[in-house]
Amino acid sequence: MEYNFQEIEQHWQEEWEKAQAYRVSNQSERKPFYVLDMFPYPSGAGLHVGHPLGYIASDIYSRYKRLQGFNVLHPMGFDAYGLPAEQYAIQTGQHPEKTTNQNIARYIEQLRKIGFCYDWNRMVRTCDPDFYHWTQWAFRKMFLSYYDETRQQARPIEELVALFEKEDPTWNTLSEKEQQERLMQYRIAYLSDTKVNWCPELGTVLANDEVSEGLSVRGGFPVEQRVMRQWSLRVSAYAARLLEGLDKIDWTESLKETQRNWIGRSEGAEMQFHIKGQDEPFTIFTTRADTVFGVTFMVLAPESEYVERVVTEEQRAEVEAYLDRCKHRTERERIADRRVTGVFTGSYAINPLTKNEIPIYISDYVLAGYGTGAIMAVPAHDSRDYAFARHFNLPIIPLIEGADVSEQSFDAKEGKMINSGFLNGMEVKDAIRAMKQHIEKEGIGRVKVNYRLRDAIFSRQRYWGEPFPVYYKDGMPYMLPEECLPLELPEVSDFKPTKDGQPPLGHAQYWAWNTETQQVVDKALIDEKTIFPLELCTMPGFAGSSAYYLRYMDNKNSDALVSPEANQYWRQVNLYIGGTEHATGHLIYSRFWNKFLFDMGVVCEDEPFSKLINQGMIQGRSNFVYRYIGEGSTGNLYISYNLIDNPEYKDKVQPIHVNVNIVHNDILDIDAFRNWMPEYKNAQFVYADGTTDVDNPYIGTPAEKQYICGWAVEKMSKSMFNVVNPDDVIAKYGADSLRLFEMFLGPLEMSKPWDTSGIDGVHRFLKKLWNMYEAPVEEEPTREELRSLHKLIKKITWDIENFSFNTSIPAFMIAQNELSALKCNKRAILKQFAILLAPYAPHIAEEMYHRCQDKPQTFVIDESWPVCNESYLEEDGVKYPVQFNGKMRFVLTLPKTMSKEEVEQVVLSNADTQKVLAGATPKRVIVVPGKIVNIVL
RNA sequence: GCCGCGAUGGUGGAAUCGGUAGACACGAAGGACUUAAAAUCCUUUGGCCAGAAAUGGCUGUGUGGGUUCAAGUCCCACUCGCGGUACCA
């Protein structure tokens, strides 16, 4: 009987569908368990084999939990808003919704083929009005809230208004606009003039995590700094909670560390420095309060508001020239060019301790957005200050004993203080503490904790995103009433920005708000009395992905994001699987978003994802052919990889990417290569054995003449011709083979190249396994068979619990081997084997299980996960997990030929053993044949 | 620069609490079946040495030290690779 995987897989996928086998209810006696994948952006290229890696892992875990009797929520959806669809729309004029829907359809089809146990009834798409209703709703709530620092939580803005009314007599004298402006400084979602990352190529602003090294993450276009009026979310208010929360969740240490760095807590002090000849001091932030005695100059950021105050008339022209230069430098240029630049302001500050006069400079190595945008410079103990001091010939005073500052600064926080007045002789750590106390006592500063985490810029000048539920009156934003949500994305005539530089929504004709009828109306009617313009920006990508996990709990609910009952039943995601690339984006924003909703009493858990596993990236494995470019080259001769280091070819070949789909195990399919592209039609080769068909084009058969390709690990991408599509793999080997193979590739968290050599192995295993199910019989299993099975139960259970999926496949293979050597075809054994295999290879497992039944019935749902009975394993305590409890151990060297019993005899009668045992009976004697004996007392 | 992760045969990798390193798979070599090929099955496969053979010995987990009866695993120092991040005072 042949293993017809196509028939089996199609059959069971249909059965599951028919039975609605994976539909999940919020009403269940079973314990809930929520397993989530990071939902994909449906790109036009479709899924490649790298995408399903994490999905397969979470599917295995879901199926396992389900078999253990949990009610498992395992949904899938789509992060449907995004730049590529919009760019494509601009190029082709196709509506992004159309292409997005096509892509989603393709994704669903591909995902279905892999046999996931998703409950598709719970699918969400961020671009559906039903979904973005709740994105807008949350934003609206953020606008209507402020962060109460003393209670450390978000509160309704009315409470702040009440507070102002009570405590600030000027409040009621303010105009409505002035009041609104004041409140804006507190709202969690707020509008402000911010310095933003502007990407001219994309025509939009970007969040900090969407920019890397001065280039946009998507597209790699240059990004410049620009001041614009933008929506932001006050994420920074949650910095302390976002940091503390990390201790309560089970994420990998590296990911938590990345978030800790991004949040960037630093304990230090704010200190006031007086300006010579002025009354008002200015404030700086430092983590090294101990180094005040070594301050030899001050530096302000170019954008600092202090600049205006300290510039003297003589220096004004020079300063303005410098500021101008800074403004026109792009972020990228600034990063690329690290030369020291700066300008003297003409003013001096007074060191509050030494009372020395120190010059104030401006330089762009000081950032406006961090601390107070001003620093005290201690060149001896800070490398950046050191470089600056050297450049401008400023004094450098060492403050730590033995620190040699003639060549470089001494940045380490260790050593004994010198030249530091009352701090002299102290260790650095003590000096920091002492100085903090001193400045608080003297009233020249205060202890302060700073965070690097910035507020998230929330406006995007794009079409394909969630519209803001916002209209403008007298230049101030107002929220649409809650019952008017969702505000649907309007149709536009053009997806590009308007001629006068407005975002694409500027093209929308029906994009004004009538506050009386509470409807969207033609913007030609705007009168600024009852009809007002609507916001033209849309929300960024992370808006839709920040609370989607909550929507899955209750995706059909039209009255709430999630009902309290549904939320209290599922509570939070128990297992979240996804890539590390979201560490500083999505995973920060959704934690923030969740904490806000927690403050609002909408959700009952303060952290959204209690456990998170990162799957590694699957890289491409590219193949190369080597074109001969030496003497007499026709540009048409390709040298086999094993020969390219031969003297006649060395340095005379050029590697060329070749489509990996026409290469099998690094052997080129010659005919396919000749047909691949016109330029290779008459390709000639020097084969692995050194023979060539140069003079005789079709010499030999491909079997005899092999062309070996070289290879390299690169990103999986079209241009490298190394994209492997899961559909092709499934067509050739089946979904079960694909699933097993993706897991077999290596540890889940590790990045690894996709290398198809080896998939034959798992496929062969399934075929062999299949043959064991030809004629299952109802017979008592032997002890040996049971042992083999229970070994497997123990192993597979351990593997799944520990996400060590890759080591399960060998265990299955070994068990199959053992059982087949025992000629086992007993139902009792085969049935259990099928259950164990079900999470990994569900289709074949269903079919196998089915064959073990008397009469047809559906499986998996009502059968439970087998439990290992250790008594079957005890027979030889040596081989299986040996516990060393560290009581007492010996080492004796013994001949290998001795039997276990003989060894025990010898060991126990050994004089040394007797001495140590002193009459006690050993609990256990562990023998490692030939070498080691452990006696556990 | 800083932070994190990693390095084991020809290849991917296994070794789960410090206990027989190289499981399992691929590849390779040889063999069986076959007119032939595919498919399938069997044997061998870290290196070196001895032996006709069974087998035995030595060596071996990036480098150098250390702890231990015992180290791929723990500690110290270093080299290389990957990922993240960066004038954050």
Side-chain angles (χ1 to χ4, degrees), chain A residues 2 209 212-213 252-262 264-266 268 284-288 291 299 301 334-335 338 340 363-367 369-378 381-385 387-388 411 450-454 580-581 583-584 614 616-617 619 621 665-667 701 703 711 713 740-741 744-747 749-762 764-765 767-768 771 794-795 798-799 801-802 804 806-814 817 878-879 881-886 889-893 896 926-934:
Chain A
E2 208 194 330
D209 69 283
S212 178
E213 308 199 345
T252 59
E253 212 34 59
S254 74
L255 188 66
K256 288 201 217 177
E257 203 50 36
T258 306
Q259 289 215 342
R260 284 192 194 108
N261 292 339
W262 189 258
R265 181 183 199 270
S266 63
I284 59 96
F285 176 76
T286 181
T287 52
R288 291 294 301 274
T291 58
V299 189
R334 209 175 67 84
I335 288 163
R338 284 287 181 83
V340 175
S363 174
D364 64 358
Y365 82 86
V366 174
L367 305 175
Y370 185 77
T372 62
I375 62 155
M376 61 178 212
V378 186
H381 302 289
D382 182 290
S383 52
R384 296 152 303 179
D385 297 347
F388 195 87
D411 290 14
N450 253 333
Y451 295 93
R452 206 179 73 109
L453 186 69
R454 309 287 168 79
T580 24
E581 66 272 19
T584 55
N614 290 118
M617 278 230 278
Q619 296 141 313
R621 188 180 188 277
N665 293 345
D666 291 337
I667 308 293
T701 61
W711 60 273
V713 172
L740 282 178
F741 184 60
F744 185 56
L745 220 42
E749 330 71 68
M750 244 169 56
S751 285
K752 57 234 156 190
W754 178 262
D755 181 356
T756 359
S757 53
I759 193 164
D760 293 307
V762 291
R764 219 167 284 163
F765 155 70
K767 267 201 240 178
K768 282 191 253 176
N771 287 330
K794 188 172 181 178
K795 170 78 177 141
W798 191 95
D799 281 347
E801 294 283 0
N802 293 280
S804 177
N806 57 320
T807 59
S808 286
I809 286 86
F812 283 124
M813 288 173 175
I814 292 165
N817 227 325
V878 181
K879 238 177 157 178
V882 181
Q883 302 290 320
F884 296 95
N885 292 326
R889 287 158 197 181
F890 278 136
V891 174
L892 294 175
T893 305
K896 213 172 185 176
I926 297 160
V927 180
V928 179
K931 289 217 173 135
I932 305 157
V933 176
N934 286 280

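Chain A is the first sequence line, chain B the second, and so forth, proteins listed ahead of strands; every chain is numbered from 1. Predicted, not measured: the structure shown is a model, and the values here were computed from it. For the numbers below, each heavy atom of this structure counts, side chains included, while hydrogens, waters and symmetry mates do not.
Side-chain atoms of A:T807 and A:D799 include a donor-acceptor pair closer than 3.5 Å. A:S804 and A:N802 share no donor-acceptor pair across their side chains, judged by distance under 3.5 Å alone.
Phosphate proximity of B:A89 to A:Y365: absent, as no side-chain N or O sits under 4.0 Å from OP1 or OP2. Taking side-chain N and O atoms only, A:S266 has a distance below 4.0 Å to OP1 or OP2 of B:A89. Contact check, A:R764 against B:A25: no side-chain N or O comes under 4.0 Å of OP1 or OP2.
Side-chain atoms of A:Q259 do not come within 3.5 Å of backbone N or O of A:T584 as any donor-acceptor pair. At distances below 3.5 Å, at least one donor-acceptor pair connects side-chain atoms of A:S751 with backbone N or O atoms of A:M617. For A:K752 (side chain) and A:P747 (main-chain N/O), a donor-acceptor pair under 3.5 Å exists by modelled atom type.
When distances are taken from the side chain of A:T807 to each of B:G4, B:A15, B:C3, the shortest belongs to B:A15. Ranking B:C24, B:G4, B:G84 by closeness to the A:T258 side chain, first place goes to B:G84. Between B:A89, B:C3, B:C26, one nucleotide has an atom nearer to the side chain of A:T286 than all others, and that is B:A89. Distances from the side chain of A:M813 to the nucleotides B:A39, B:A25, B:A15 place B:A25 closest. Picking from B:A89, B:U85, B:C3 the nucleotide with the shortest atom distance to the side chain of A:N261 gives B:C3. Listed nucleotides: B:C26, B:A23, B:A14. Nearest to the side chain of A:S757: B:C26. Listed nucleotides: B:A86, B:C3, B:A89. Nearest to the side chain of A:E257: B:C3.
Ring planes of A:Y370 and A:F285: perpendicular class, angle over 60° (limits at 30 and 60°).
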From CA spacing to verdict: ring-ring contact (aromatic ring centres under 6.0 Å, His included), A:Y451, A:W262
CA-CA 9 Å; A:Y451 295 93; A:W262 189 258; over 10 Å; no
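Looking at heavy-atom distances under 4.0 Å, A:I814 makes contact with sugar-phosphate atoms alone, never a base. Residue contacts shown for A:R265 are absent, as no nucleic acid heavy atom lies under 4.0 Å away. Using a 4.0 Å heavy-atom criterion, one finds that A:K256 contacts no nucleic acid atom at all. Residue contacts for A:V299: at a heavy-atom cut-off of 4.0 Å it reaches no nucleic acid atom on any strand shown.
A:E257 is linked by a side chain to side chain contact (heavy atoms under 4.5 Å, CB included) to A:E253, A:R260, A:N261, counting only residues two or more places apart in sequence or in another chain. Contacts of A:S254 classified as side chain to side chain contact (heavy atoms under 4.5 Å, CB included), with partners at least two apart in sequence or in another chain: A:T252. For A:D382, the side chain to side chain donor-acceptor pair (under 3.5 Å) partners at least two apart in sequence or on another chain are A:R384. Evaluation of the side chain to side chain donor-acceptor pair (under 3.5 Å) rule for A:T286 yields no partner, not counting sequence neighbours.
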I'd like a list of close polar pairs between nucleotides 9-13 of chain B and the protein, N/O only, cut-off under 3.5 Å.
{"unit_1": "B:G12", "atom_1": "O2'", "unit_2": "A:L745", "atom_2": "O", "d": "3.0"}

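Distance CZ (A:F812) to P (B:A23): 20 Å, rounded to an integer number of Å. The nearest whole Å value for the distance from the CG atom in A:D364 to the P atom in B:C87 is 11 Å. For the pair A:E253 CD and B:G6 C1', the computed distance is 17 Å after rounding to whole Å. Atom-to-atom, NZ of A:K767 to P of B:A38 comes out at 14 Å; the value is rounded to the nearest Å. In this entry the distance linking CG of A:N802 with C1' of B:A15 reads 15 Å, nearest Å. Separating the CE atom of A:M617 from the P atom of B:C5 is a distance of 19 Å, rounded to the nearest angstrom. In this entry the distance linking NZ of A:K768 with C1' of B:C24 reads 11 Å, nearest Å. For the pair A:F285 CZ and B:C87 C1', the computed distance is 16 Å after rounding to whole Å.
Both key distances under 3.5 Å define a Watson-Crick or G-U pair, and stretches of 3 or more such consecutive pairs in RNA chain B run B:1-7 with B:79-85, B:10-12 with B:24-26, B:27-32 with B:40-45, B:46-50 with B:55-59, B:62-66 with B:74-78.
Taking for each of A:N817 and A:T372 the nucleotide of RNA chain B with the nearest heavy atom, the 5'-most of the two is the partner of A:N817. Between A:T584 and A:Y451, the residue anchored closer to the 5' end of RNA chain B is A:T584, taking for each the nucleotide with the nearest heavy atom.
With its glycosidic angle within 90° of 0, B:C17 adopts the syn conformation.
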